[in-house]
Amino acid sequence: MATDDSLKRRSFLKAAGGATAAATLAGCTGNTGDGNGTTTDTTETTEESGSSGTTLTYARGADSKSLDFQNTKSGEDAKVTNQIYDSLIEFKPGKTSLKAGLATDWSVDGKSVSLTLRKGVTFHNGDKFTAEDFVATYRRFVDKEYEHYPGQDYVSSYGPYALGGWIDSVEKTGKHAVDITLKQPYAPILKNLAMFCSKVHSLKAIKEHGTDLASKPVGTGPFEFDNWDTSNQRIRLKKNDDYWGDQKAQVDEVVFTAVTSNTSRAQTLLSGGADIVDGLGAQSSKLIDNSDKADLASIPGINVGYMAFNMWRKEAFRKKKVRQAISYAINTEDLVNTIFKGIASQASQPIPESVMGYNPNLDPYGHKPEKAKKLLEEAGETGLEFELAIMKNPRPYIPSPRQAATLVQSNLEEIGVTVNITTKPWKSFLSYTDSFKHDACFLGWMTDNGDPDNFYYALLHPQIDRSEVPDGQDWVNPNDFDNFSTLDTAAWANTEFMKLTEEAQQTYETSKRKSKYQKAGKIFHEEQPWVALDHAKTMRGLRKEVEGFTIAPIGGPFLNRVSLKQ
């Protein structure tokens, strides 16, 4: 992959997971935090639609940029498109497990995936869903030779990341059957088919609308597009009375509205201007939790916040004892309790407990400054000084980056290490770290699909061939490779770890995959290319009248399940 492409991919994946997050990159780009944003705050009173209809108002941190899932990397966009479109396979509401979507049955055998598609499904434009729609959707995303390919500048990098990089071909084998041929055995393929970027367009809509699908979405979902008031940052969807699924929408309309500030959004909820709000920080969640007008719902998030050591740029970081010393010096327990105020838990490894392959035998390093000093002396690195690059805006996995960085700075000062904090706006920050100009940096990840591959391979495998790593070295110069994954901000290239994650990716047997990821986690824990900081909660504010809402760690929100008490 060319360098520019790598940067694009990296930027989107960090925004998504980085996700997606959440996102869910899934993980996908989420709200930026308390009072830090660029859009104008709006409030909208919960509406009655006509004499008998009801409107559900969902307030979030920013408006959408596109309503075409192939044209976006943003979790804000996915919140809307997930209501309009369906995918072949879906995540169960509130779970990471899978259920039938537009496909009723599927099987995986080596490099072959066969899917039986659902009959009797109608797109919002009246077109009947068939295998041709999925083939056209896939080709539109990744096939530059396809006549309806909208161009590289239009489609997002999720095309090759989720599908094209692993799929060799997609063929219609019947009106309601398709076969997918993989380039290699690839265990996460079914979860990738359930990601927000793998929804299904109508072939007829592809032909008729082209790139106008970014503002004229046509899906098969429980809600269909009504209008987008961009000046007021408001998107209105209406109930699809012909929805194929058992769970038809309970309200007549859904309105997505943008309120930038977390605190203002919480206040909008409490004043009745919204029914559901997301993107909550410590202060705004406390505001809701203390109210008798709304409820605070939360679940453990599938994410990780971390501080990466750039081994290529900072020579001292190539020494394991230095990385371990810094890990022992940073008080992550204090971080989650006093800075993140209980909305996050300590991390010991890249994946949270809910992800397959979590290693229960790995504990956080713990705050041991005397041990840290001893390790630094053994490494011959007393008087160490380095830069810590951080994002200006809070992120879901690092709710208070400046305060967290100050704590790190103070902790490391105790062991004689000087930390110089560099703060940048999110977009500039991503460009900076994509270019490996940082010594160390804060980052994080919200999963797209809940699979360990989406953490281990995406974030810690440089995605170069193991033979390209010099003997006796566990880092590389990213600039030496066109296809280096800029997500690997530590420039870490541990061949034993790389081998394990490659094998796990190509292993279908869960118990064997789990064992390989637990071994990979142990290597990570010993080598410490990052300090794993935290796993943050996913939180939503719900007006008391809301019923049937389930927080989705991946996918969603599942608003067709929600009703409003009258």
Side-chain angles (χ1 to χ4, degrees), residues 44-60 64 67 75-87 90-95 97 99-102 118 120-124 129 194 196 199 217-228 234-258 265 268-279 288 293-299 538-566:
E44 173 161 339
T45 303
T46 303
E47 303 174 37
E48 291 294 326
S49 175
S51 58
S52 59
T54 52
T55 297
L56 177 72
T57 302
Y58 190 107
R60 55 203 177 129
S64 292
L67 300 181
E76 297 298 348
D77 295 355
K79 290 170 190 171
V80 180
T81 56
N82 284 350
Q83 315 305 316
I84 300 171
Y85 288 97
D86 295 307
S87 50
E90 305 276 356
F91 291 110
K92 291 181 180 177
K95 309 288 184 182
S97 51
K99 70 182 187 73
L102 294 178
R118 190 177 298 276
V121 176
T122 303
F123 284 99
H124 301 153
F129 165 67
F196 84 96
K199 303 290 184 183
V218 179
T220 56
F223 291 96
E224 56 184 295
F225 178 69
D226 187 350
N227 67 76
W228 187 355
R234 192 172 300 161
I235 297 170
R236 188 179 300 273
L237 310 180
K238 58 185 179 182
K239 177 181 180 180
N240 173 16
D241 290 323
D242 296 325
Y243 182 54
W244 58 269
D246 293 334
Q247 186 62 67
K248 291 182 170 52
Q250 303 296 298
V251 296
D252 294 278
E253 291 184 324
V254 168
V255 171
F256 284 91
T257 187
R265 201 174 320 116
T268 299
L269 178 78
L270 301 183
S271 68
D275 300 302
I276 303 172
V277 298
D278 66 16
I288 294 171
K293 297 179 179 177
D295 293 319
L296 180 68
S298 70
I299 59 171
T538 299
M539 298 183 291
R540 301 288 184 266
L542 310 174
R543 203 163 63 91
K544 291 285 187 183
E545 287 75 8
V546 170
E547 294 184 322
F549 180 80
T550 301
I551 298 181
I554 306 171
F558 297 90
L559 299 183
N560 55 320
R561 301 164 59 89
V562 176
S563 60
L564 294 172
K565 285 189 287 189
Q566 299 300 310

Test of understanding: with salt bridge (Lys or Arg N to Asp or Glu O under 4.0 Å), list the residues that count as partners of [X], not counting sequence neighbours.
{"X": "Asp295", "result": "Lys544"}
{"X": "Glu224", "result": "none"}
{"X": "Lys95", "result": "none"}
{"X": "Glu547", "result": "none"}

For [X] and [Y], which heavy atoms make the closest approach, and how far apart are they?
{"X": "Ala249", "Y": "Pro222", "answer": "CB-O, 4.1 Å"}
{"X": "Val80", "Y": "Ser64", "answer": "CG2-OG, 3.6 Å"}
{"X": "Ala294", "Y": "Leu270", "answer": "CB-CD2, 3.7 Å"}
{"X": "Leu269", "Y": "Ala274", "answer": "CD1-O, 3.4 Å"}
{"X": "Ile84", "Y": "His124", "answer": "O-CE1, 3.3 Å"}
{"X": "Gly94", "Y": "Thr550", "answer": "CA-CG2, 3.7 Å"}

Are the side chains of [X] and [Y] in touch, meaning some heavy atoms are under 4.5 Å apart?
{"X": "Pro557", "Y": "Tyr58", "answer": "yes"}
{"X": "Leu56", "Y": "Val251", "answer": "yes"}
{"X": "Pro553", "Y": "Ile299", "answer": "yes"}
{"X": "Leu564", "Y": "Val546", "answer": "yes"}
{"X": "Val277", "Y": "Ile288", "answer": "yes"}

Sequence neighbours left out, what passes side-chain hydrogen bond (donor to acceptor under 3.5 Å, both in side chains) with [X]? Give chain and number order.
{"X": "Thr538", "value": "none"}
{"X": "Asn227", "value": "none"}
{"X": "Asp86", "value": "Thr220, Trp244"}
{"X": "Ser298", "value": "none"}

Polar side-chain atom of [X] near backbone of [Y] as donor-acceptor pair, under 3.5 Å:
{"X": "Asn560", "Y": "Gln247", "answer": "yes"}
{"X": "Arg265", "Y": "Gly279", "answer": "yes"}
{"X": "Arg118", "Y": "Gly101", "answer": "yes"}

Pair Val255-Arg236, side-chain contact (heavy atoms from CB on, under 4.5 Å): steps then yes or no: CA-CA 5 Å; Val255 171; Arg236 188 179 300 273; 3.5 Å; yes

Report the residues that fulfil side-chain contact (heavy atoms from CB on, under 4.5 Å) with Lys248, sequence neighbours left out, ordered by chain and then residue number.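 side-chain contact (heavy atoms from CB on, under 4.5 Å) list for Lys248, sorted by chain: Tyr243.
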
Contacts of type side-chain contact (heavy atoms from CB on, under 4.5 Å), residue Asn82, not counting sequence neighbours: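 Result, side-chain contact (heavy atoms from CB on, under 4.5 Å) vs Asn82: Ala78, Phe196, Lys199.
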
Nearest-0.5 Å distance, [atom1] of residue [X] to [atom2] of residue [Y]:
{"X": "Met539", "Y": "Leu296", "atom1": "CE", "atom2": "CG", "result": "6.0 Å"}
{"X": "Lys92", "Y": "Lys99", "atom1": "NZ", "atom2": "NZ", "result": "9.0 Å"}
{"X": "Leu559", "Y": "Gln83", "atom1": "CG", "atom2": "CD", "result": "4.0 Å"}
{"X": "Leu67", "Y": "Asp77", "atom1": "CG", "atom2": "CG", "result": "7.0 Å"}
{"X": "Leu237", "Y": "Ile235", "atom1": "CG", "atom2": "CD1", "result": "7.0 Å"}
{"X": "Arg234", "Y": "Thr257", "atom1": "CZ", "atom2": "OG1", "result": "5.0 Å"}

ring-ring contact (aromatic ring centres under 6.0 Å, His included) partners for Tyr85, two or more places apart: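 ring-ring contact (aromatic ring centres under 6.0 Å, His included) list for Tyr85, sorted by chain: Phe69, His201.
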
State which residues pass ring-ring contact (aromatic ring centres under 6.0 Å, His included) with Phe558; sequence neighbours excluded, sorted by chain then number.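 Per chain and number, Phe558 pairs via ring-ring contact (aromatic ring centres under 6.0 Å, His included) with no residue.
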
Can you label the angle between the Phe123 ring and the Phe129 ring as parallel, tilted or perpendicular, going by 30° and 60°?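 Answer is perpendicular, since the angle exceeds 60°.
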
Between Asp278 and Arg60, does any NZ, NE, NH1 or NH2 come within less than 4.0 Å of an OD or OE carboxylate oxygen?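 No, Arg60 and Asp278 are not salt-bridged.
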
